[in-house]
Amino acid sequence: MSGRSHILIVEDEKQIARFIQMELEHEGYECDIEYNGTKAMERIGQDHFDLILLDIMLPDVDGLTLCQRTREISNVPIMFLSAKDDVETKVAGLDMGGNDYLTKPFNSKELLARIRVLLRDRNTDKASENFLHLQDMTLYLDRHEVEVAGRKLLLTKKEFELLTYLLRNKNIVLTREKILEEVWGYDYAGDTNVVDVYIRYIRGKIGQTDSKKYIHTVRGVGYVAKD
């Protein structure tokens, strides 16, 4: 994964979208463009973005609705870029979960300055939290939350503790006995199969598939979380 911030531009006017993309890539950002809300929502649910630049007047799902749906699965910063300059629309955008609102036409220097502020705030928030990463998964220790590609997961207390232990020791093969000892405790007197059961629960919730693996089985030994 590159160290560059990844920005999604959601704009149906291709000339404007391309102009923004060129400006941002010149500043060292990584950019993707989507021209309609439906496709943008799919990307937001699947990929990791550090910032979304969002037009309001889109041909299918409008920007306000898209912002509201995004907030159901992700806290990624959202900046509206819209020709609508009335106060009611600006307030609605911020109330829906937007972090900033810039009206068109805009000055590219102002856009870049606002982007720097939003990304700085986001990085500050990240630095103030204890979190663990595995591929496109982020586990927030302080908030007891897990996100995979921006999608929030609901884990039980024991599932969260087990996933935390695996991520703290990613790329290290852990035996079932060691996992039981560290997650369930020294005095656990049950069957080691409980580890297999909980691994299966977690894999189901994080969406593990044959082509997308987070937790690998090491036959005859145990498990390993691998980047």
Side-chain angles (χ1 to χ4, degrees), residues 1-11 17 20-21 23-25 27-55 61 63 65-81 96-100 111-112 114-155 160 163-164 166-168 170-171 202-216 225-227:
M1 179 181 294
S2 77
R4 297 188 298 164
S5 294
H6 193 185
I7 299 175
L8 176 64
I9 303 165
V10 187
E11 168 62 67
I20 295 172
Q21 181 185 35
E23 289 286 317
L24 296 184
E25 289 182 345
E27 293 295 316
Y29 298 113
E30 181 180 350
C31 297
D32 286 335
I33 299 174
E34 292 299 340
Y35 301 108
N36 67 75
T38 301
K39 183 61 177 176
M41 194 67 239
E42 292 177 4
R43 292 293 306 280
I44 293 166
Q46 296 170 357
D47 300 333
H48 170 80
F49 295 102
D50 298 292
L51 176 67
I52 298 172
L53 301 179
L54 180 58
D55 188 16
V61 180
T65 302
L66 181 59
C67 178
Q68 186 177 35
R69 291 180 183 175
T70 299
R71 281 292 167 259
E72 294 174 0
I73 62 170
S74 175
N75 62 354
V76 59
I78 296 174
M79 182 194 299
F80 286 103
L81 299 178
M96 289 291 185
N99 300 85
D100 200 357
L111 172 64
L112 292 169
R114 291 183 182 225
I115 287 173
R116 287 193 295 271
V117 169
L118 289 176
L119 292 175
R120 184 172 66 237
D121 289 346
R122 179 169 175 77
N123 290 333
T124 299
D125 289 342
K126 284 184 177 180
S128 66
E129 295 176 326
N130 290 319
F131 60 91
L132 301 170
H133 275 307
L134 180 70
Q135 299 180 42
D136 57 359
M137 179 193 305
T138 304
L139 184 149
Y140 298 95
L141 295 165
D142 293 344
R143 290 163 22 196
H144 277 246
E145 291 181 357
V146 178
E147 291 183 3
V148 176
R151 175 174 59 94
K152 288 187 179 180
L153 308 182
L154 192 61
L155 301 185
F160 185 85
L163 187 58
T164 299
L166 291 170
L167 265 60
R168 283 192 189 277
K170 66 181 179 180
N171 302 318
I202 291 172
R203 282 173 168 166
K205 291 185 177 182
I206 64 180
Q208 176 158 318
T209 64
D210 289 340
S211 60
K212 181 67 172 177
K213 289 188 177 182
Y214 301 89
I215 302 170
H216 297 250
K226 294 179 70 173
D227 271 326

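The side-chain contact (heavy atoms from CB on, under 4.5 Å) search around Thr138 returns Phe131, His133, Tyr140, not counting sequence neighbours. Checked against side-chain contact (heavy atoms from CB on, under 4.5 Å), Glu27 has the following partners two or more places apart in sequence or in another chain: Tyr29, Leu112. Not counting sequence neighbours, the partners of Phe160 by the ring-ring contact (aromatic ring centres under 6.0 Å, His included) test are His144. Scored by the side-chain contact (heavy atoms from CB on, under 4.5 Å) test, Gln208 finds Arg203, Ile206, Lys213, Tyr214, Ile215 as partners (sequence neighbours excluded). Arg114 is linked by a salt bridge (charged side-chain N to carboxylate O under 4.0 Å, His left out) to Asp100, Glu110, counting only residues two or more places apart in sequence or in another chain. Legend: residues meeting ring-ring contact (aromatic ring centres under 6.0 Å, His included) with Phe49, ordered by chain and number and at least two apart, are His6. Evaluation of the ring-ring contact (aromatic ring centres under 6.0 Å, His included) rule for His216 yields no partner, not counting sequence neighbours. Under the salt bridge (charged side-chain N to carboxylate O under 4.0 Å, His left out) criterion, Asp227 pairs with Lys170, not counting sequence neighbours. Partners of Thr209 under the side-chain contact (heavy atoms from CB on, under 4.5 Å) rule, at least two apart in sequence or in another chain, are Ser211, Lys212. Listed by chain and residue number, Lys39 satisfy the salt bridge (charged side-chain N to carboxylate O under 4.0 Å, His left out) test with Glu42 (two or more places apart in sequence, or in another chain). By the side-chain hydrogen bond (donor to acceptor under 3.5 Å, both in side chains) test, Gln21 is found to be paired with Arg18, Glu25, residues two or more places apart in sequence or in another chain being considered.
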Problem set entry | CA sep, side-chain torsions, deciding dist, call: Leu24, Leu53, side-chain contact (heavy atoms from CB on, under 4.5 Å) | CA-CA 11 Å; Leu24 296 184; Leu53 301 179; 3.8 Å; yes
For this session: Verify side-chain contact (heavy atoms from CB on, under 4.5 Å) between Glu147 and Asn75, making sure each step is shown before the conclusion.
Result: CA-CA 10 Å; Glu147 291 183 3; Asn75 62 354; 4.0 Å; yes
Exercise. Taking it one step at a time, do Leu153 and Arg151 satisfy side-chain contact (heavy atoms from CB on, under 4.5 Å)?
Worked result: CA-CA 6 Å; Leu153 308 182; Arg151 175 174 59 94; 3.1 Å; yes
For this session: Would you please test Asn99 and Met79 for side-chain contact (heavy atoms from CB on, under 4.5 Å) and show each step?
Result: CA-CA 6 Å; Asn99 300 85; Met79 182 194 299; over 6 Å; no
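Using a 4.5 Å heavy-atom threshold, the side chains of Ile33 and Glu11 count as separate. Side chains of Ile9 and Leu81 form no contact here, defined as non-hydrogen atoms less than 4.5 Å apart. Within the 4.5 Å cutoff, the side chain of Asp47 has no heavy atoms near those of the Leu8 side chain. Under the 4.5 Å side-chain criterion, counting only non-hydrogen atoms from C-beta, Leu167 is in contact with Met137.
Gln68 contributes atom CD, which lies 10.0 Å from atom OG1 of Thr70 (distance to the nearest 0.5 angstrom). Atom CG of Leu51 sits about 5.0 Å away from atom CD1 of Ile7, to the nearest 0.5 Å. Once rounded to the nearest 0.5 Å, the distance linking CG of Leu155 with CD1 of Ile202 reads 6.5 Å.
Residues Gly97 and Cys67 come closest through the heavy atom pair C-SG, 3.8 Å. Taking both residues in full, the closest heavy atoms of Gly37 and Leu66 are given as O-CD1, 3.8 Å, listed atom of the first, atom of the second, then distance. Considering all non-hydrogen atoms of both residues, Tyr35 and Ala17 come closest at CE2-CB, 4.1 Å.
Residue pairs meeting the salt bridge (Lys or Arg N to Asp or Glu O under 4.0 Å) criterion with at least one partner in residues 66-81, sequence neighbours excluded, are absent.
For the side chain to side chain contact (heavy atoms under 4.5 Å, CB included) with Leu139, the qualifying choice from Leu163, Leu166, Val148 is Leu163, the only one to do so.
In Lys226, the NZ atom is not crowded: 12 or fewer heavy atoms of neighbouring residues, nucleotides or ligands sit closer than 6.0 Å.
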